[in-house]
Amino acid sequence: MGDWRRSHTCADLRPENIGQEVCLMGWVQRRRDHGGVIFVDLRDREGLTQVVMSPEYNKDVHAVADSIRNEFVVAVKGKVGMRPEGTLNDKLPTGHVEVMVDELKILNNSNTPPFMIDDFTNANEDIRLKYRYLDLRRRKIQNNLITRHNIVRNMREYLYDKGFLDIETPFLTKSTPEGARDYLVPSRVNPGKCYALPQSPQMFKQLLMVGGYDKYFQIVKCFRDEDLRADRQPEFTQLDIEMSFIDREDLMELLEGLFIQIFDRVKGVKLDRGFPRMSYDDAMEKYGHDAPDTRFDMFLKTINELVADCGFKVFREVVAEGGVVKAINAKGAGQKYSRKDIDSLTELAVSLGAGGLAYIKVNEDGLQSPIVKFLGDSADKIVSEMNGEPGDIIFFGAGKKDIVNLYMSKVRLRLGKELGLIKEGDYSFVWVLDFPLLDYDAEAKRYVAMHHPFTAPLDEDIPLFDTDPGQMRAKAYDLVLNGSEIGGGSIRIHRSDVQEKMFSALGFTPEEREYKFGFFIEALKYGTPPHGGIAFGVDRIATILTGSDSIRDVIAFPKTQKATDQMSEAPNNVDEKQLKELCMKFEVVESD
RNA sequence: GGGGGCGUAGUUCAGUUUGGUUAGAACGCCGGCCUGUCGAGCCGGAGGUCGAGGGUUCGAGUCCCUUCGUCCCCGCCA
């Protein structure tokens with residue numbers, strides 16, 4: 001670079017800069033060689049500027065420009081000029097000007113990149129992940145990461161303004177038995193013992209409340225050793241918040257304000273206060289899912305009463321055996337959905353555990369369906385109950401409740417998408433409230449915490465600890481955006497006696513309780529204030545706000561579905577010497 | 001642990017259903033021409049372990065088995 005310094009970015013120059021001597025540095029997006037004049041689009045993260053090397057203007061510079069190629073890093077000094085009439089480019093913000101180059105330095109050359117870095121080609125993800133540093137140069141990814149930056153910046157600014165303290169908590173922590181699998185870190189100075197990376201800073205943030213820091217937040221990595229999905233990575237980022245002396249209304253009000261600010265400043269979208277609310281039970285009944293996509297209606301409806309005595313054996317038996325029959329009216333799908341489309345929808349349902357996907361097509365001249373002859377009178381009642389009109393198709397799921405909900409919720413989403421009920425740029429928030437406190441784990445034959453074991457039950461439900469724990473409801477709340485759970489939290493248990501009851505309900509022996517959570521129960525005995533909090537998935541929020549399909553598109557260096565890094569090839573084998581220092585020996589055994 | 005999709009030139013794909021001559025296209029790359037382009041244009045050229053291994057066959061990109069990679073989903077993720 002010598003003593004050269006940039007005077008502008010590649011997005012700065014405008015007609016008002018004409019005549020100025022400037023110095024730009026960046027990557028060669030593209031070189032257009034006309035035999036005489038050579039044009040180069042110079043790129044940095046701000047934008048593109050055309051620089052011009054003409055043999056008439058400067059012969060030496062033109063000769064050097066002959067050798068440059070895509071992705072070379074170059075510096076130019078020159079004069080800003082107006083482009084000749086008829087050659088203005090309105091697609092670029094800098095498209096009315098260009099830099100006539102007086103001096104050109106090649107700061108570094110580049111191998112031909114394995115894929116084109118532009119807006120038009122789209123290499124597959126595996127090659128993009130292997131050369132992630134090149135993928136990061138693409139405008140789409142850069143915009144994603146800039147949007148993510150703006151989201152995080154607004155989170156910080158909003159919470160600073162509200163008097164929150166940003167406090168760090170440890171990464172090397174104690175493994176807890178509940179929840180996700182832990183990533184373990186062996187301790188060299190404590191041979192045979194391990195730390196666990198936090199699944200979330202849950203206990204630490206509660207202990208900060210005990211410590212008197214009544215408004216805390218942190219934007220922090222969390223780690224869970226579970227299988228990956230399009231919206232799940234083994235390390236992900238949470239906005240973690242905890243407050244004392246509040247109830248859930250206080251939190252919801254605070255957080256609505258946060259999202260109103262983020263959407264306003266990041267997307268220019270004005271949101272209204274008072275996000276809709278829905279009970280967990282309602283969400284499961286109408287959407288079949290605890291993270292309902294409320295961008296469109298088209299609800300599921302349980303029709304057990306209508307089919308309990310009907311002539312269709314499948315429905316009748318499901319009701320008799322305690323299952324559910326749920327219906328959904330695909331309004332106006334009759335025209336659009338061929339037999340093949342219905343088969344494809346059936347395949348989706350079957351892949352998720354359905355026996356099949358019954359349907360009734362409502363035509364002008366009557367009902368068309370493989371099951372209508374069995375249903376008899378019930379068919380008309382069902383159609384009327386579902387507001388069926390000519391042109392509609394009513395789909396049915398029947399079976400065990402959670403399986404029906406699973407596939408009917410996916411069927412609903414697919415219908416919503418295919419029937420065009422979801423518009424680009426729609427953002428629909430909903431609070432989901434009153435979750436069950438506990439969930440029965442048939443395999444482990446015990447209750448597990450639906451949210452986590454520190455969640456407070458509704459006050460009126462506390463007596464149920466001793467009689468019917470399964471019926472208890474929690475002071476928990478999830479914030480759902482466009483069918484994606486972006487955050488969840490609860491009012492916590494702040495009394496040690498209630499916390500002990502909770503651990504008992506979860507089937508911990510006093511010894512286990514003491515070994516795993518003794519320090520925490522002890523802390524609750526020293527004047528713990530009422531408190532509660534929430535955690536948001538920063539990656540998921542960024543995914544939605546950038547319109548991305550995958551969480552990987554908003555993470556600079558994401559991992560594949562097998563939790564590997566294709567670029568660095570992590571995880572890898574470690575030296576025998578490193579293991580020895582840890583007093584460890586690997587024995588890889590087949591898992592079953 | 002299970003279900004499904006994909007894997008062919010540097011990249012994105014066609015070809016696989018129904019096995020048959022020398023495996024194609026576009027973009028990129030290299031060379032030539034070209035002084036106002038902006039996904040520049042024209043001409044020419046190079047470039048292939050058809051993911052890997054095994055099998056069937058006179059013959060396999062194509063059929064079968066095994067395996068690896070990658071993506072989506074179920075389980076799992078308090």
Side-chain angles (χ1 to χ4, degrees), chain A residues 29-42 48-57 62 69-71 81 83-92 94-95 98 100 111-131 134 176-182 199-200 202-203 222-234 236 347-354 402-403 406-407 410 435-439 441 443 447-455 474 476 485 488-490 502 506 535 537 549-550 552 559-562 564 566 591-592:
Chain A
Q29 175 70 39
R30 205 173 280 275
R31 187 183 69 117
R32 289 179 295 277
D33 183 349
H34 287 246
V37 66
I38 294 174
F39 300 100
V40 164
D41 293 334
L42 200 60
L48 290 178
T49 297
Q50 174 166 284
V51 301
V52 186
M53 276 79 62
S54 164
E56 292 166 358
Y57 187 79
H62 179 264
R69 294 291 182 272
N70 285 353
E71 301 308 320
R83 295 196 188 184
E85 206 168 328
T87 67
L88 305 188
N89 185 346
D90 288 320
K91 286 188 224 160
L92 286 180
T94 62
E98 61 192 8
M100 295 303 294
N111 288 350
T112 301
F115 53 88
M116 281 292 284
I117 297 163
D118 63 26
D119 298 340
F120 310 99
T121 53
N122 213 355
N124 283 332
E125 201 175 2
D126 42 3
I127 188 101
R128 292 198 286 117
L129 288 178
K130 182 173 178 188
Y131 298 94
L134 298 180
T176 56
E178 289 288 279
R181 294 185 187 89
D182 288 319
Q199 298 169 25
S200 83
Q202 185 60 38
M203 274 188 280
C222 300
F223 306 87
R224 294 179 189 175
D225 185 7
E226 295 295 344
D227 288 351
L228 288 77
R229 288 283 191 285
D231 62 351
R232 282 174 13 199
Q233 285 270 305
F236 60 99
E347 262 174 52
L348 170 72
V350 168
S351 77
L352 295 167
D402 47 353
I403 295 175
L406 172 68
Y407 67 75
K410 298 273 185 180
F435 281 80
L437 183 69
L438 302 169
D439 199 15
D441 181 340
E443 206 175 310
Y447 285 106
V448 294
M450 184 121 177
H451 187 55
H452 59 53
F454 314 107
T455 298
E485 182 202 325
S490 61
M502 181 69 175
L506 295 174
D549 293 326
S550 161
R552 293 183 297 276
K559 293 189 171 52
T560 68
Q561 198 166 50
K562 276 249 180 84
T564 61
Q566 290 295 91
S591 62
D592 38 34

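Reminder, nothing fancy here: chain letters follow the sequence lines and each chain counts from 1.
Atom CG of A:D231 is separated from atom P of B:C77 by 15 Å (rounded to the nearest Å). In this structure, CZ of A:F120 is placed 5 Å from C1' of B:G39, rounded to the nearest angstrom. In this entry the distance linking CG of A:D227 with P of B:C72 reads 12 Å, nearest Å. Here the C1' atom of nucleotide B:C74 and the CZ atom of A:R232 are 11 Å apart, to the nearest Å. Put simply, CD on A:Q199 is 15 Å from P on B:C76, counting in whole angstrom units. At whole-Å resolution of the value, CG in A:L129 and P in B:U11 are 14 Å apart. Atom NZ of A:K559 is separated from atom P of B:U70 by 13 Å (rounded to the nearest Å).
Shown here, B:G69 forms a base pair with B:C6; the pair counts as Watson-Crick or G-U wobble because both key distances fall under 3.5 Å. A 3.5 Å limit on both hydrogen-bonding distances identifies no Watson-Crick or G-U partner for B:A40.
Nucleic acid contact for A:R552: sugar-phosphate only, since backbone atoms but no base atoms lie under 4.0 Å from a heavy atom of the residue. Residue-level contact check: A:T564 touches the backbone only, with heavy atoms under 4.0 Å from sugar-phosphate atoms and none from bases. A:I127 comes within contact range of the sugar-phosphate backbone alone, with a heavy-atom separation under 4.0 Å but no base atom that close. As judged by a 4.0 angstrom heavy-atom cut-off over every strand, A:N89 is placed among the base-contacting residues. When heavy atoms are screened at a 4.0 angstrom cut-off, A:D439 is found touching no nucleic acid atom at all. At the heavy-atom level, A:R229 lies under 4.0 Å from base atoms of the strands shown. Using a 4.0 Å heavy-atom criterion, one finds that A:S200 contacts the bases of the nucleic acid, with or without backbone contacts as well.
Between A:K410 and B:C73 there is no side-chain N or O to OP1 or OP2 distance below 4.0 Å. Taking only side-chain nitrogens and oxygens, A:K91 comes nearer than 4.0 Å to OP1 or OP2 of B:G39. A:N124 has a side-chain polar atom (N or O) that falls below the 4.0 Å cut-off from OP1 or OP2 of B:U12. Under 4.0 angstrom from either OP1 or OP2 of B:U70 there lies at least one side-chain N or O belonging to A:Q566.
Comparing B:C77, B:G75, B:G10 by their nearest atom to the side chain of A:P114 picks out B:G10. In this structure, the nucleotide among B:C76, B:G69, B:C72 sitting nearest to the side chain of A:A230 is B:C72.
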- A:N89 and A:R83: side chain to side chain contact (heavy atoms under 4.5 Å, CB included), yes or no, with the steps? CA-CA 9 Å; A:N89 185 346; A:R83 295 196 188 184; 3.5 Å; yes
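Look at the C1' atom in both B:G41 and B:G47: the space between them is 23 Å, to the nearest Å. B:U18 sits 15 Å from B:U62 when the P atoms are compared, rounded to a whole Å. Using C1' as the reference atom, B:C30 and B:A46 are 7 Å apart when rounded to the nearest Å. A gap of 43 Å separates the P atoms of B:C34 and B:G51, to the nearest Å. Comparing the C1' positions of B:G1 and B:G39 gives an interatomic distance of 47 Å, to the nearest angstrom.
Nearer the 5' end of RNA chain B, as judged by each residue's closest nucleotide, is the contact made by A:F115, out of A:F115 and A:F454.
Without hydrogens or angle criteria, A:Q199 side chain to A:D225 main chain gives no donor-acceptor distance under 3.5 Å. Side chain of A:T94 to main chain of A:Q50: no donor-acceptor pair is present (N/O by atom type, distance under 3.5 Å, no hydrogens or angles). A donor-acceptor pair is defined here as one N or O able to donate and one able to accept, closer than 3.5 Å; no such pair exists between the side chain of A:E71 and the backbone of A:N111.
For the atom pair CD (A:Q233) and OG1 (A:T560), the distance works out to 8.5 Å, reported to the nearest 0.5 Å.
Electrostatic pairing of A:D41 and A:R32 counts as a salt bridge here, judged by a charged N lying under 4.0 Å from a carboxylate O. Of the charged side-chain nitrogens involved, at least one lies within less than 4.0 Å of a carboxylate oxygen, so that A:E125 and A:R552 count as a salt-bridged pair.
Between A:H34 and A:F39, a ring centre-to-centre spacing shorter than 6.0 Å is recorded.
Between A:A449 and A:L506, the shortest heavy-atom contact is N-CD2, 3.4 Å.
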- Task: Let me have a per-nucleotide readout for nucleotides 27-37 of chain B, 5' to 3', with B, S or -, counting only protein heavy atoms under 4.0 Å.
- Result: -SSSS--BBBB
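With hydrogens and angles left out, the side chain of A:D119 and the base of B:G39 share no donor-acceptor pair within 3.5 Å.
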